[in-house]
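Note that ligands are numbered from 1 as they come in the structure, with each ligand's atoms numbered from 1 the same way. The structure displayed is predicted, hence computed values, not measured ones. Along the sequence shown, residues carry numbers from 1.
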Amino acid sequence: MLNRLSIKTRSRSELMDITPLVRDIVHKSKIENGLCYVFVPHTTAGITINENADPSVRQDILTELDKMVPWQGDYTHMEGNAAAHIKASLVGSSETIPVEKGDLVLGTWQGVFFAEFDGPRRREVWIKVTKTL
Ligand code: ZN
């Protein structure tokens with residue numbers, strides 16, 4: 001079963017911690033051992049895993065991505081959001097996380113983040129939990 005989560009982002013660029021939402025879906029799946037696949041079906045948003053203890057890490061990532069790919073630039077994409085498309089490709093559109101004993105297995109400081117680059121808007125995250133041996 002594909003779980004479709006709806007989320008609402010709050011600014012143009014944002015790293016939203018969705019770890020509790022992902023964990024909840026893993027618990028509801030009742031799968032003990034497997035993989036949790038988290039996929040973002042958008043071209044101007046992505047998914048990434050990084051530190052969720054100190055929020056300044058999130059801010060630094062967004063600030064440096066802005067320096068690498070400024071909103072205004074010599075782009076040809078007519079919609080005006082080329083930077084968001086480029087950042088989405090840099091970050092990637094999926095992550096796969098191990099599931100053991102019915103729970104997500106993340107490093108101590110890791111969290112799963114929805115990466116918004118052209119918000120604020122309503123977005124979806126698709127999650128699939130599958131059994132493995
Ligand atoms: Zn576009």
Side-chain angles (χ1 to χ4, degrees):
M1 192 180 93
L2 185 64
N3 297 273
R4 294 164 194 257
L5 281 183
S6 181
I7 60 167
K8 179 97 180 64
T9 58
R10 291 163 299 221
S11 47
R12 179 188 277 173
S13 286
E14 176 180 355
L15 289 177
M16 181 186 282
D17 189 352
I18 59 166
T19 313
L21 300 172
V22 178
R23 184 159 267 142
D24 189 48
I25 284 170
V26 169
H27 292 163
K28 283 178 180 154
S29 77
K30 307 281 186 206
I31 288 172
E32 283 292 308
N33 293 292
L35 292 169
C36 178
Y37 179 68
V38 185
F39 179 79
V40 170
H42 302 292
T43 60
T44 55
I47 199 90
T48 191
I49 293 175
N50 213 299
E51 173 163 340
N52 68 353
D54 182 354
S56 66
V57 172
R58 262 175 268 181
Q59 191 50 56
D60 287 344
I61 291 170
L62 293 175
T63 300
E64 292 307 309
L65 281 172
D66 270 338
K67 286 186 200 164
M68 287 165 63
V69 192
W71 189 258
Q72 300 289 345
D74 191 17
Y75 307 119
T76 56
H77 181 49
M78 294 298 286
E79 199 191 357
N81 62 353
H85 289 288
I86 294 164
K87 288 178 190 172
S89 271
L90 288 173
V91 162
S93 59
S94 68
E95 291 286 357
T96 308
I97 306 147
V99 173
E100 293 282 337
K101 297 176 184 164
D103 203 2
L104 276 181
V105 186
L106 286 164
T108 308
W109 308 110
Q110 285 183 319
V112 184
F113 294 94
F114 182 91
E116 176 63 85
F117 297 118
D118 194 16
R121 58 167 88 181
R122 190 155 285 286
R123 296 290 205 174
E124 284 201 4
V125 182
W126 295 353
I127 300 171
K128 199 166 183 81
V129 188
T130 58
K131 271 184 205 176
T132 58
L133 294 174

Contacts of type ring pair (Phe, Tyr, Trp, His ring centres under 6.0 Å), residue His42, not counting sequence neighbours
none
Could you tell me which residues satisfy side-chain contact (heavy atoms from CB on, under 4.5 Å) with Pro55, sequence neighbours excluded, listed by chain and number?
Arg58
Without swapping roles, check the side chain of Glu14 against the backbone of Arg10 for a donor-acceptor pair under 3.5 Å.
yes
His27: what forms a ring pair (Phe, Tyr, Trp, His ring centres under 6.0 Å) with it, not counting sequence neighbours?
none
Quick one: name the protein N/O/S atoms under 2.8 Å from the Zn ion (ligand 1), chain by chain.
His77 NE2, Glu79 OE1, Asn81 OD1, His85 NE2
Among Ile86, Leu62, Leu90, Asn81, find the one that has a side chain to side chain contact (heavy atoms under 4.5 Å, CB included) with Phe117.
Leu62
Please identify which of these residues, Val129, Ile127, Val112, meets the side chain to side chain contact (heavy atoms under 4.5 Å, CB included) condition with Ile97.
Val112
